[in-house]
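To start, the structure under review is shown below, and the notes come after it.
Just follow the structure's listing: the first ligand is 1, and inside any ligand the first atom is 1.
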Amino acid sequence: MQPQFIIIHRQVAPYVAHIQLNRPKELNALNLELMIELRDALKMLDADDNVRAIVISGNEKAFAAGADIKQMAGKTAMDMYNIDQFSTWDTIKKTKKPLIAAVSGFALGGGCELVMLCDMIVASETARFGQPEIKIGVMPGAGGTQRLTRAVGKALAMEMVLTGRFITAQEAARAGLINRVIPVELFLQEAIRLATEVAALSPLAVKMAKESVLKAFDSSLEEGLHFERKNFYLLFASEDQKEGMQAFVDKRSPVFKGK
Ligand code: DAK
């Protein structure tokens, strides 16, 4: 079935797919249906051998202005419990291939949290990041207090979460939340270029490297180093390791097969 709230471009560049959030009138507010479509699209692309990196964007005006407040407004705690949005978000979190967020305009609340689930973030000069849930009587619920704090540190995270202040793309870059700031007419192109660069490398090494970096967020240094070592050894069982190193010795470009 065709998704209603997202657009899937399977090959915008070699081995690169692009998912565009597409509720422009609502500033891409993340209703439950959109999140389910996004989850299903990511599952499909994660299993597709012709895809090695995935770009997620909104449009120039908004990446996403948060979860859909109108859909949430009347819900009880038991409704929220039964809907169990966390299982959708958890599945998205498990995507093994690299996710690159291309952000322009608003990335707020759940929109900012979705961006922070991605592995690299390219922002346009107009991007604004924020966790304004406090202004509507709640607080971040999909990782905002944790991932933001780890990315930008306590002082700025507290200010953003407790006041709801938005930060600019430049401020986000200075704080270490995002990778780079690009003129608005080029931000998507740059995100696709970055994805293409990663997609040209060994997909096995890329997935294991992603998994290892993420391990740093929920393990002690010793555990993380142990995990890294296992993945490092494991890659010596791949054809891509033989190909990558032989190509270096032969002074030619490697051809990675993901085997
Ligand atoms: N939800 C629903 N509709 C939204 C929306 C949102 N988050 N944001 C904007 N819209 C709609 C507006 O209602 C308006 O619709 P109409 O009135 O035209 O029908 C249209 O988009 C254009 O918005 P504005 O007219 O307000 O546009 P402005 O340029 O004046 O303002 C704004 C842009 C982004 C500053 C403003 O729209 C705004 O403050 N939006 C709300 C931002 C916000 O508070 N976001 C946080 C929402 S709470 C969870 C996972 C995630 C979450 C929770 C749980 N689990 C896994 C359990 C996340 C929670 C949130 O994100």
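Among residues two or more places apart in sequence or in another chain, the salt bridge (Lys or Arg N to Asp or Glu O under 4.0 Å) test is passed with D68 by R23. Shown here are the ring pair (Phe, Tyr, Trp, His ring centres under 6.0 Å) partners of F217, two or more places apart in sequence or in another chain: there are none. Considering only residues two or more places apart in sequence or on other chains, D250 meets the salt bridge (Lys or Arg N to Asp or Glu O under 4.0 Å) condition with R252.
A donor-acceptor pair is defined here as one N or O able to donate and one able to accept, closer than 3.5 Å; no such pair exists between the side chain of D46 and the backbone of K43.
Below 30°, between 30° and 60°, or above 60°: for F106 and F166 the angle between ring planes is above 60°, a perpendicular geometry.
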Output, or 'none' if empty, a list of ligand 1-protein atom pairs in which both atoms are N or O and the distance is under 3.5 Å, rounded to 0.1 Å.
{"from": "ligand 1", "atom 1": "1 (N)", "to": "A67", "atom 2": "O", "distance (Å)": "3.4"}
{"from": "ligand 1", "atom 1": "1 (N)", "to": "I69", "atom 2": "N", "distance (Å)": "2.9"}
{"from": "ligand 1", "atom 1": "7 (N)", "to": "A65", "atom 2": "O", "distance (Å)": "3.1"}
{"from": "ligand 1", "atom 1": "7 (N)", "to": "A67", "atom 2": "O", "distance (Å)": "2.9"}
{"from": "ligand 1", "atom 1": "13 (O)", "to": "K70", "atom 2": "NZ", "distance (Å)": "2.9"}
{"from": "ligand 1", "atom 1": "15 (O)", "to": "K70", "atom 2": "NZ", "distance (Å)": "3.3"}
{"from": "ligand 1", "atom 1": "19 (O)", "to": "K70", "atom 2": "NZ", "distance (Å)": "3.4"}
{"from": "ligand 1", "atom 1": "21 (O)", "to": "K25", "atom 2": "O", "distance (Å)": "3.4"}
{"from": "ligand 1", "atom 1": "45 (N)", "to": "A65", "atom 2": "O", "distance (Å)": "2.9"}
{"from": "ligand 1", "atom 1": "61 (O)", "to": "A67", "atom 2": "N", "distance (Å)": "2.7"}
{"from": "ligand 1", "atom 1": "61 (O)", "to": "G110", "atom 2": "N", "distance (Å)": "2.8"}

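Salt bridge E190/R193: present, at least one basic N to carboxylate O contact under 4.0 Å.
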